[in-house]
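Following: one structure in structure tokens, then a few remarks.
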Amino acid sequence: MIASYALAARDAGDGAAASRQIEKLRALAHDESGATYWALESNTPFYGWGLAGRLETTALAIQALKRALDDPAVRAGKADKDPELVNRGLRFLLREKDRYGVWYSTQATVNVLDTIVTQLSKNESDTRKSEAGAAEVIINGKQVASLAMPPGDELSSPITLDISEHLRVGANRIDVRLPPGSAPATASVVTTHYVPWRAAEATDNASSKSARVAALRLRVSFDKTEARIGDEITCRVEAERIGFSGYGMMLGGIGLPPGAEVDRASLERAMKEAGWGLDQYDVLPDRLVVYLWPRAGGTRFEFKFRPRFGVAALSAPSLLYDYYNPEARAVVAPSKFLIH
């Protein structure tokens, strides 16, 4: 709210009001591991909370500080420290990019991209002067690749490099070195791994995360997991947001066994009985995706399905996560089905 007010006051020509809000933003900044962020103690107007809300808020705060630097009517107080504050805030935003190259929610991503454009616009002339060069990738003290970088004023696709063969068990140090005069660049390391179910936090039919960033609870149960082809099986689902860390839509993926034919009539009935708690659904080959707006005490519903052929297999795992803060999630381990 403070950042939005500062931006609006500046655009309205009220430099004094904008300056007061900029002072508040300086005082509310938090430093962490060489970066700076602005905390969010509630929800954004776009339902963002947790990490997604923090990114959305930090992006707006940086925009307000950056525009204040460019406007003499707004600059006041400790403005000489604002460039470093802006750079540290950008470092936080770039560091928190998710594995898909965006920032968790649509609104957070839009705000972050607007902030980057705002920051780079003033340096456009310097960027155009930069020449193409090569980035050296050094892993554990050994150079493993030299990547040709495009000129600073040229659009290009991301440059990817598989470094798995150069990693070792334990700690690894990865350095990316650019030649002097290069255009600004960012680098991300994306990893993929799995955890055996016996070592995971998920349980057989329920999962509960009560931490501030993951205050969700999911329970999935079946009236039977051994049946004959064509028998009716009932699945019962309980989804709840614990406490008041956030609000808004949640997505649930209820894992199904191979060959399950979902009874859509039972889903329509569940939607009617749950009211706005169960908004809509999608039936996929291995799971049922439900869109939930859980009420106080959680949302409960059930649906039915019939196995179409004999199998001895696990269902897909079940998952509940916050649509506007995907890091908040609860996972239920697969169930084993035996269909004769």
Side-chain angles (χ1 to χ4, degrees), residues 32-33 49-55 94-105 108 139-140 160-174 187-222 225-226 235-243 245-246 249-260 282 284-292 294 298 311-338:
E32 180 183 78
S33 302
W49 64 284
L51 180 56
R54 179 173 294 182
L55 290 166
L94 295 174
R95 195 170 63 191
E96 296 298 336
K97 182 188 297 184
D98 68 20
R99 65 180 291 112
Y100 302 106
V102 293
W103 286 267
Y104 298 96
S105 74
I139 301 179
N140 299 322
T160 60
L161 174 67
D162 184 357
I163 61 173
S164 56
E165 64 179 291
H166 304 291
L167 301 179
R168 63 193 182 197
V169 175
N172 290 269
R173 179 182 176 89
I174 303 172
S188 298
V189 178
V190 180
T191 64
T192 301
H193 67 281
Y194 79 95
V195 176
W197 286 113
R198 63 180 180 274
E201 295 180 352
T203 59
D204 292 338
N205 66 348
S207 179
S208 178
K209 286 291 192 69
S210 57
R212 177 167 168 59
V213 296
L216 306 178
R217 182 176 70 86
L218 174 66
R219 178 177 293 275
V220 177
S221 60
F222 304 93
T225 55
E226 183 174 354
C235 176
R236 296 180 176 86
V237 180
E238 299 178 24
E240 181 181 6
R241 187 189 301 281
I242 303 170
S245 295
M249 182 183 292
M250 298 196 304
L251 263 67
I254 311 305
L256 300 173
D282 292 318
L284 302 183
D286 64 339
R287 71 192 63 218
L288 170 71
V289 178
V290 290
Y291 299 76
L292 307 170
V311 297
L314 295 175
S315 69
S318 296
L319 170 68
L320 177 70
Y321 67 93
D322 189 283
Y323 187 82
Y324 302 98
N325 183 34
E327 67 165 356
R329 57 181 54 211
V331 181
V332 173
S335 296
K336 185 174 182 178
F337 282 83
L338 179 60

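For the numbers below, each heavy atom of this structure counts, side chains included, while hydrogens, waters and symmetry mates do not.
For the residue pair Leu284 and Leu256, the shortest heavy atom distance occurs at O-CD1, 4.5 Å. In terms of heavy-atom proximity, Thr225 sits nearest to Phe222 at CG2-CB, 4.3 Å. In plain terms, the two heavy atoms of Ser105 and Ala52 that are nearest each other are OG-CB, 4.2 Å. The heavy-atom pair separating Ala239 from Leu292 by the smallest distance is CB-CD1, 3.6 Å. Of all heavy-atom pairs spanning Asp322 and Leu216, the tightest one is N-CD1, 3.9 Å. A pairwise comparison of heavy atoms in Met250 and Arg241 identifies CG-NH2, 3.2 Å as the closest pair.
Residue Ile254 holds its CD1 atom at 5.5 Å from CG of Leu218, rounded to the nearest 0.5 Å. To the nearest 0.5 angstrom, Leu55 atom CG is 12.0 Å from Lys97 atom NZ. Going from atom CG of Leu319 over to atom CG of Leu251 covers 8.5 Å, rounded to the nearest 0.5 Å. Taking CG from Leu51 and CH2 from Trp103, the interatomic distance works out to 12.0 Å, rounded to the nearest 0.5 Å. Residue Glu240 holds its CD atom at 4.5 Å from CZ of Arg217, rounded to the nearest 0.5 Å.
Proximity of a side-chain donor or acceptor of Asn172 to a complementary backbone N or O of Gly170 within less than 3.5 Å is detected. With hydrogens and angles disregarded, no donor-acceptor distance shorter than 3.5 Å links the side chain of Ser335 to the backbone of Ser315.
Other residues, nucleotides and ligands place no more than 12 heavy atoms under 6.0 Å from the OH atom of Tyr323.
In terms of the ring-ring contact (aromatic ring centres under 6.0 Å, His included) criterion, Tyr321 has no residue partners (sequence neighbours excluded).
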